[in-house]
Amino acid sequence: MEFLIYLISRLPLNLLRSIGRFVGTLIYRFDSAYRQEINKNLTRAGIYSPALAYEVAREQGAQAVEAPWVWGRTRQQVLEHCCIDERSLPILEEALGSARPIVFLTPHIGCYEVGPMMVAERWLKGTNRQFAILYRVPRKSYLRKIVGEGRVSENIVPASADLKGVRQILRIMKAGGIAGILPDQVPSHGEGVWAPLFGEKAYTMTFPLKLAKQFNAQIIMARMEREPQGWRMHVQSWDYQLTGDEKQDVTAMNRLIEETILKRPEQYLWSYKRYKCPRGVQREL
């Protein structure tokens, strides 16, 4: 598998994306379960059309091959393909220029793997400040080392979604560091509450909001949009005042996630089973 990732990462990025888009289209056409999940989620959001669904499938194919490409390249090679939106730069300068901890919310849009690299290279390099990335450890044993080590870089600390990883994040945040979290990932039993997302209840994680409240952290919504030459980071500061009421705060976060997704819907991971009910959780209607 490591050799396969190495081979993938040697291909030119746009050639690799073209292959991924072609494969994504084929899967959408011939895998009915995959096609139905995309169509159903787009319909929930009120934006389904056959053209958009095919575009989503194409972009999900590109997204699938980008992560191995990033893991197999050096940070400098990846950053040659990255830039930051001009309107986002002042927000990042102000936030990262302070000693205040930060929680980055990064939904499954574009290539979320490159965001921490961009932040670490520009603002954290040469300092003791760290960027913790919360990630779910793959079930496949041969992927665990690859996924974990593929995310390691100067000032970047992958933190597994378990007690050990949570402790890592708490230490980093206490020192004025940064946490990057995928807020649209389905949490495990006891780690979320039911809240509306595109009009339907979704079991939603509370951890990023608890973290922000505990450390008085600034919350920044970020997305790494795919562009012809690479990726462009877009961010917005979330000025919502956390109340401590989990359901109320999570509902507000889901509204922000909806707004962010709809800015580039074709690049969102609509095939993800976002509305599933985790084992041990009672579904709320």
Side-chain angles (χ1 to χ4, degrees), residues 1-29 34 38 51-89 92 104 106-125 131 133 135 138 142-143 145-156 158 180 182 184 222-235 260-261 263-272:
M1 180 57 69
E2 291 182 50
F3 183 65
L4 177 60
I5 287 177
Y6 173 80
L7 289 179
I8 289 173
S9 68
R10 294 309 96 191
L11 293 173
L13 179 59
N14 281 336
L15 172 60
L16 188 64
R17 285 174 168 176
S18 296
I19 295 170
R21 286 173 175 136
F22 175 71
V23 173
T25 302
L26 290 180
I27 295 173
Y28 180 81
R29 176 170 292 183
Y34 179 78
I38 290 175
L52 178 58
Y54 265 102
E55 186 64 17
V56 165
R58 282 168 45 80
E59 292 306 304
Q60 288 193 180
Q63 186 183 72
V65 295
E66 283 179 340
W69 188 91
V70 170
W71 297 339
R73 294 275 177 160
T74 66
R75 180 196 281 185
Q76 290 305 321
Q77 288 173 331
V78 173
L79 292 176
E80 288 174 2
H81 297 268
C82 299
C83 63
I84 299 172
D85 174 61
E86 289 183 2
R87 289 173 293 182
S88 300
L89 195 54
L92 292 167
F104 272 90
T106 56
H108 292 79
I109 299 175
C111 185
Y112 37 88
E113 298 284 347
V114 301
M117 289 187 185
M118 298 166 75
V119 170
E121 179 69 18
R122 183 160 186 150
W123 288 281
L124 308 185
K125 191 174 182 179
F131 196 137
I133 306 170
Y135 77 101
Y142 62 85
L143 282 176
K145 180 180 177 183
I146 294 169
V147 172
E149 292 184 359
R151 290 172 165 139
V152 173
S153 187
E154 186 179 353
N155 300 100
I156 297 176
L182 294 163
D184 53 343
R223 66 186 192 276
M224 271 54 70
E225 294 184 2
R226 188 174 301 109
E227 295 191 341
Q229 301 307 315
W231 305 274
R232 184 180 300 271
M233 175 185 277
H234 296 259
V235 306
T260 304
I261 291 170
K263 288 174 181 174
R264 288 303 296 269
E266 75 281 6
Q267 292 193 16
Y268 185 65
L269 191 66
W270 293 102
S271 64
Y272 182 54

ask   = Hey, mind stepping through Trp69 and Gln77 against side-chain contact (heavy atoms from CB on, under 4.5 Å) and telling me if it holds?
value = CA-CA 10 Å; Trp69 188 91; Gln77 288 173 331; 5.6 Å; no
Donor-acceptor contact present, side-chain [X] to main-chain [Y], <3.5 Å:
| X | Y | answer |
| --- | --- | --- |
| Glu121 | Leu79 | no |
| Asn14 | Pro228 | yes |
| Gln60 | Ser271 | yes |
| Arg87 | His234 | no |
| Arg73 | Ser9 | yes |

To the closest 0.5 Å, what do you measure between [atom1] ([X]) and [atom2] ([Y])?
| X | Y | atom1 | atom2 | answer |
| --- | --- | --- | --- | --- |
| Arg232 | Ile84 | CZ | CD1 | 10.0 Å |
| Phe104 | Leu182 | CZ | CG | 13.5 Å |
| Leu26 | Arg29 | CG | CZ | 7.5 Å |

inquiry  = Does Arg17 qualify as a cation-pi partner of Trp231, given the criterion of NZ or CZ under 6.0 Å from the six-membered ring centre and within 45 degrees of its axis?
reply    = yes
message = Just to verify, what does Trp270 make a ring-ring contact (aromatic ring centres under 6.0 Å, His included) with, not counting sequence neighbours?
response = Phe198, Tyr268
task = Using only heavy-atom distances, determine whether the side chains of Thr260 and Arg223 contain a donor-acceptor pair under 3.5 Å.
result =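 No, Arg223 and Thr260 have no side-chain donor paired with an acceptor closer than 3.5 Å.
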Sub-4.5 Å side-chain heavy-atom contact between Arg58 and Glu266 = no
message = Is there a side-chain contact (heavy atoms from CB on, under 4.5 Å) between Val70 and Met117? Walk through the geometry before answering.
response = CA-CA 10 Å; Val70 170; Met117 289 187 185; 3.6 Å; yes
query = Met233 and side-chain contact (heavy atoms from CB on, under 4.5 Å): which partner among Thr106, Leu92, Val114?
reply =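 Only match with Met233 under side-chain contact (heavy atoms from CB on, under 4.5 Å): Leu92.
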